[in-house]
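Written out below as structure tokens is the structure these notes cover.
Side chains included, hydrogens not; waters and symmetry mates left out as well; all remaining heavy atoms used. Everything quoted here is computed from the prediction, not taken from an experiment.
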Amino acid sequence: MAYSDKVVDHYNNPRNVGTLDKSSQEVGTGLVGAPECGDVMRLQIKVNPETQVIEEAKFKTFGCGSAIASSSLATEWIKGRTVEDALAIKNTDIVKELALPPVKIHCSVLAEDAIRAAIGDWKKKNGVAENAPAAVESAK
Amino acid sequence: MLKIVDSAVPVACWSCSVARNASTLFCPNCSKIQPPATGDYFAVFGLQPRLNLDLDALEREFHRLSRRLHPDRFARASDSEKEWSLADTALLNDAYRTLKDPLKRTEYVLKLHGAEIGEEHSGNRQDPSRAPADLLEEVFELNMQLEEMRMARQMGDDDPEAAKSLSEAKQKFEGLLEEVDRDLRVQWTAWEEGGDAQRQAAQKQMVALLDRRRYLRNLVRDVTETLGA
């Protein structure tokens, strides 16, 4: 099974690898893992408290090429979106974009979970209910 | 794929029509070969499905059945019997490899009892308790350390310090693996000897331990690769 060109591209030139300050109020961190294959993925977002726009997104993934490509693509896609828009990203969108074969679909699931976990962490930090639309009180 | 049936359900031997256990490869009455068994792997060897398995008995039965399935013995048999001898041999080998290995055996037994583990479930959305935060933090941290060591090694070519820390990391990961294996064996006994509640708790523990083991196994693989490179 060969990786698609897009997977290879993301694997060789991963976008947005790195770390954001975990303790910052504006940063949400999602750490997820796939117990069946032993992959682990961390995705972080930095959200503008006024606009709810994700201004920064970073990831670090220990896993196969598809897992790295999925998280790399996820950070590209969520940057510039509002938190609510980012939640609309589905793993199937990632599968389509990267042409992932069926055995690698779980990598895209992991990336979607990572986005959700990061946003969930940010919401928790900022006192937004998990299911409520993100409406943080702007800085006083 | 494996079908879970009650191995005690008798079926008729195709040759002598005497009822036999559906998991046996040979008819106990007329000794004729039978189509591949439909029971679980343990029943193929006539063994009780146990995690604390009698490995000597497994070995003995495997060799005994292998000899009986040898192609030379079917040189003059019917086409069906020839075909069955090949299919039975494949089944016997799969069953032996699965049961002999303590981890494969644990996974196999848990799957028989409904645990959703193994590659075929990797596409499913996981039960969140399968990836507890503290385990992920630990594994992520270990991976970060390993990456730093690898980079240090790439920079400084044959920096003995970097090689040393990698060897130490390898030892540490292997130690953690051994710890998991010890814990698994403790759960085997709890699972086999406990009541229903204990059994359920042990099953959950074992699934968690196998998950942890996969993360650790990857770390050992990566550090070994780095050291060998």
To the nearest 0.5 angstrom, please state how far the [atom1] atom of [X] sits from the [atom2] atom of [Y].
X	Y	atom1	atom2	value
Phe62(A)	Met144(B)	CZ	CE	5.5 Å
Phe140(B)	Lys60(A)	CZ	NZ	7.5 Å
Leu136(B)	Asp39(A)	CG	CG	11.0 Å

[atom1]/[X]: more than 12 non-hydrogen atoms of other groups inside 6.0 Å:
X	atom1	value
Glu55(A)	CD	yes
Asn12(A)	CG	yes
Lys90(A)	NZ	yes
Gln198(B)	CD	yes

Subject >> Check: Tyr215(B) side chain, Ala34(A) main-chain N or O, donor-acceptor pair, under 3.5 Å >> reply: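 Answer holds: yes.
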Subject >> salt_bridge(Glu137(B), Lys22(A)) N-O dist < 4.0 Å >> reply: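 Yes, charged N to carboxylate O under 4.0 Å.
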Subject >> Heavy-atom proximity to chain A below 4.5 Å, by part of Asn218(B) >> reply: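 Asn218(B) touches chain A through side-chain heavy atoms alone.
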